[in-house]
**Q** 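Mind having a look at this structure? Questions to follow.
Residue numbering restarts at 1 for every chain, and letters A, B, ... go by the order of the sequence lines. Note that the structure is predicted; figures quoted are calculated from it, not measured.
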Number of protein chains: 2
Amino acid sequence: MKKITIYEVARESNVSLATVSRVINGSSVVKEETRKRVEEAINKLGYRPNAIAQGLALSKTTTVGLIIPSTSISFSGRVINGLCDVAKIYDYSVYLHTITEGVTDIKEIIDDVIKARVDGVIIYADKDLDDSVKLLEEYNIPMVVMCNRVSSENICSVFVDYKKAVYELCESYLQKGIEDIAILQDHRNDVVSNLMRSGAEEAFRKFGKEYKGYIEVSKDNRSTYKFLKSYFKNHKHQVFVANRDSQALAALNASTGHGIKVPEDMELICMNESKYTSSVRPEISSYVVPTYDLGAISMRLMTKMLKDEQVEEKEKCLNAIYSPKATTKD
Amino acid sequence: MKKITIYEVARESNVSLATVSRVINGSSVVKEETRKRVEEAINKLGYRPNAIAQGLALSKTTTVGLIIPSTSISFSGRVINGLCDVAKIYDYSVYLHTITEGVTDIKEIIDDVIKARVDGVIIYADKDLDDSVKLLEEYNIPMVVMCNRVSSENICSVFVDYKKAVYELCESYLQKGIEDIAILQDHRNDVVSNLMRSGAEEAFRKFGKEYKGYIEVSKDNRSTYKFLKSYFKNHKHQVFVANRDSQALAALNASTGHGIKVPEDMELICMNESKYTSSVRPEISSYVVPTYDLGAISMRLMTKMLKDEQVEEKEKCLNAIYSPKATTKD
DNA sequence: ACTGATTATGAAAATGTTTTCAATGATTAT
DNA sequence: ATAATCATTGAAAACATTTTCATAATCAGT
């Protein structure tokens, strides 16, 4: 089982390498008759171009590196779906790297994508960006940052405006005179949490008040439920906002356990809709976050940068759409 | 900003390419003093080897292709985590391809991984394997198949034994004289559903009975809930088994809506534990499926094949661990 | 001081493409 | 018929490595 290279195709069809290469790449200059002959040879021999050799000759790989925290994969796997779908359309391949917090050395990952000579890097950064990422900037590699607002020559960013969402949410309650709004925060000091904070604070400031309704919990689901279970024994809130769907579920179960009815006694709102927030009863009012789009748009931006198309907006802000549930019935 | 190649390093450190190459690859023959000189030059110039050129020269890329249905990413994202973690340990990179049912042409994906000259392919196949996958076999590319039992020269497989799980589950109820066991099946005729079926049927056959407790529902969560809502109006079951967590949640909500208490009136069992089955109350008895291991083991097998280590077991069968919840209280 | 063995290095070929430039053959206009 | 243009093709360099084979340098043993 010998390897079939462009040489074998050339010999088989009695032309030079150059011509075969032209046929592969759809160059228009080659005569119809020769093209046919070459194509037949290609099929007959089952030849497939070697992307590695192409990469070397062209100094580009039509490959983009994706760097994403492992937690985010289970949390928002559709990001990857959107990203890959668009990549496929534009004939790019995806080189995947996951970051496991406390384990992975980001430097190694950066080293690896540079070694691999990816044409660009898309990075999902729900934390502050590591300094080492700036290495990529020095390398002049086109970058798209998801979930973080970054601006620079070679960097685009795509993010969800949680700040605005929470701002408007708080504003609408404050207008109705409701100011007992609790916001659940997990310890991880992530971008979304910060945005939610500043949204709430801004809204309250507008009404001349200071916001301080944070409830801090740990990342772990079991302990979150335990905590809330005892929390709701002595606490009541008119409005309760959670970031992740599992936290909202925990809140729902913990509160109803104490006879607090959602939404009559307490409005429960989740910042990230999922199949779970909608399959539970009562349904949990949630923000639908366009995670698929987040990935898709990021990759589209990347292809624009790589093909030197005009990038009108270097910062793309997506909105989370509020989908309130009015009743416990359906 | 000139590109730094091995040539520049060679010049800077006054040695030949060959020597620099040896230093990069940790060859033992180079003199300590020269090694130092070369390493200094590498650091000074910020040189990173070009994996593409290496790939060409060595005819291997230390890269494995991962082919996975997009739905499986959100369903079992931890597969990817396990896979990537192990890949990192063995210095392999992951080339990601997603399959969107009805959209993606598998042939194109196969073409692409062949073009990319990945050293091996890991494919998550919860459906029957497409014929085109056999192309890979002809190409003699080492493969690991997840979720499907396949045997062949160059193919290993790693799967979860849902059949055994359901068999034992049914058996234990039948021994107690309980035979009213309903199994929810979504339309997609996938491997897991089939395994569950044959597990149930085998158990019933052992007791001289024929199993026919399937309930067919659509894939869509909303309509599943709707369906179950009206289903539980007129139906009762002692045991109710669902495959996916969202289906179990829907079943829980729909049944309690009609005053059916879990687990007193009906045992509810989910074949795939998730943070949702455990954060809901009453907790849903579930099988903990080692998804992380599924990925990790697959990749480990792959590295063994690629490094020509001995592969003792070409088929690795993982067990789903039953975690029954005895009470509605906690 | 010389031989043989050993260690360290370099020259050059090989990996599989693309692309530039030159050359050839065909076609058109004069 | 001839020059000029145009369409098609091929030779060879370039891409950045690894590796084989040969050679140079060192060293030990006589």
**Q** Using only side-chain N and O atoms of B:Thr5, determine if any of them is under 4.0 Å from OP1 or OP2 of D:dA16.
**A** no

**Q** Is A:Lys36 paired with A:Glu33 through a side-chain N to carboxylate O contact shorter than 4.0 Å?
**A** no

**Q** For the side chain of A:Ala53, counting heavy atoms from C-beta on, which of C:dT19, C:dG16, D:dA11 is nearest?
**A** C:dG16

**Q** Mind calculating the distance between CD (A:Glu33) and C1' (C:dG25) to the nearest angstrom?
**A** 14 Å

**Q** Heavy-atom contacts under 4.0 Å between residues 37-49 of chain A and DNA chain D, which residues?
**A** none

**Q** Between D:dA16 atom C1' and A:Arg117 atom CZ, what is the distance in whole Å?
**A** 9 Å

**Q** Would you kindly give the CD-to-P distance between B:Gln54 and C:dA14, to the nearest whole Å?
**A** 21 Å

**Q** Figure out the NZ/C1' separation between A:Lys36 and D:dT8, and round it to whole Å.
**A** 17 Å

**Q** Could you tell me the separation between the CZ atom of B:Arg11 and the P atom of C:dT9, rounded to a whole number of Å?
**A** 19 Å

**Q** Could you check if a side-chain atom of B:Lys314 sits within less than 4.5 angstrom of a side-chain atom of B:Ile155, using non-hydrogen atoms only?
**A** no

**Q** Is the shortest heavy-atom distance from the side chain of B:Leu96 to the side chain of B:Ile68 under 4.5 Å?
**A** yes

**Q** Is the shortest side-chain N to carboxylate O distance from B:Glu313 to B:Lys304 below 4.0 Å?
**A** no

**Q** What N/O pairs connect the protein and nucleotides 24-26 of chain D at under 3.5 Å? Give each pair on its own line.
**A**
none

**Q** Flag the pair A:Lys60 / A:Arg117 as yes when at least one side-chain heavy-atom distance between them is below 4.5 Å, and no otherwise.
**A** no

**Q** Just so I know, are the side chains of B:Tyr292 and B:Asp85 near enough to count as touching, which here means a heavy-atom distance under 4.5 Å?
**A** yes

**Q** Can you list, by residue number, the residues of residues 19-26 of chain B that have a non-hydrogen atom closer than 4.0 angstrom to DNA chain C?
**A** B:Thr19, B:Arg22

**Q** When you get a sec, tell me which of C:dG16, D:dT9, D:dT17 is the closest nucleotide to the side chain of A:Thr34?
**A** D:dT9

**Q** Do A:Thr34 and A:Arg37 get their side chains close enough for a donor-acceptor pair, meaning under 3.5 Å?
**A** no

**Q** Is any side-chain heavy atom of B:Glu40 closer than 4.5 Å to a side-chain heavy atom of B:Ser13?
**A** no

**Q** Examine the side chains of A:Glu101 and A:Thr71 and answer whether a donor and an acceptor come within less than 3.5 Å of each other.
**A** no

**Q** Of A:Ala18 and B:Leu56, whose closest DNA chain C nucleotide lies nearer the 5' terminus?
**A** B:Leu56

**Q** To the nearest Å, give me how far apart CG (A:Leu17) and P (D:dA13) are.
**A** 13 Å

**Q** Once you round it to whole Å, what is the distance between P of D:dC15 and CD1 of B:Ile6?
**A** 14 Å

**Q** Is the shortest heavy-atom distance from the side chain of A:Tyr95 to the side chain of A:Thr61 under 4.5 Å?
**A** no

**Q** C:dT17 C1' sits how many Å from A:Ile52 CD1, rounded?
**A** 11 Å

**Q** Taking pairing as Watson-Crick or G-U wobble with both contacts under 3.5 Å, can you name the mate of C:dT30, or confirm there isn't one?
**A** D:dA1

**Q** If you define the side chain from C-beta out and look only at heavy atoms, does anything of A:Ile24 sit under 4.5 Å from A:Tyr47?
**A** yes

**Q** To check you understand the geometry: which heavy-atom pair defines the closest contact between B:Asp119 and B:Tyr92, and what is its length?
**A** OD2-CE2, 4.0 Å

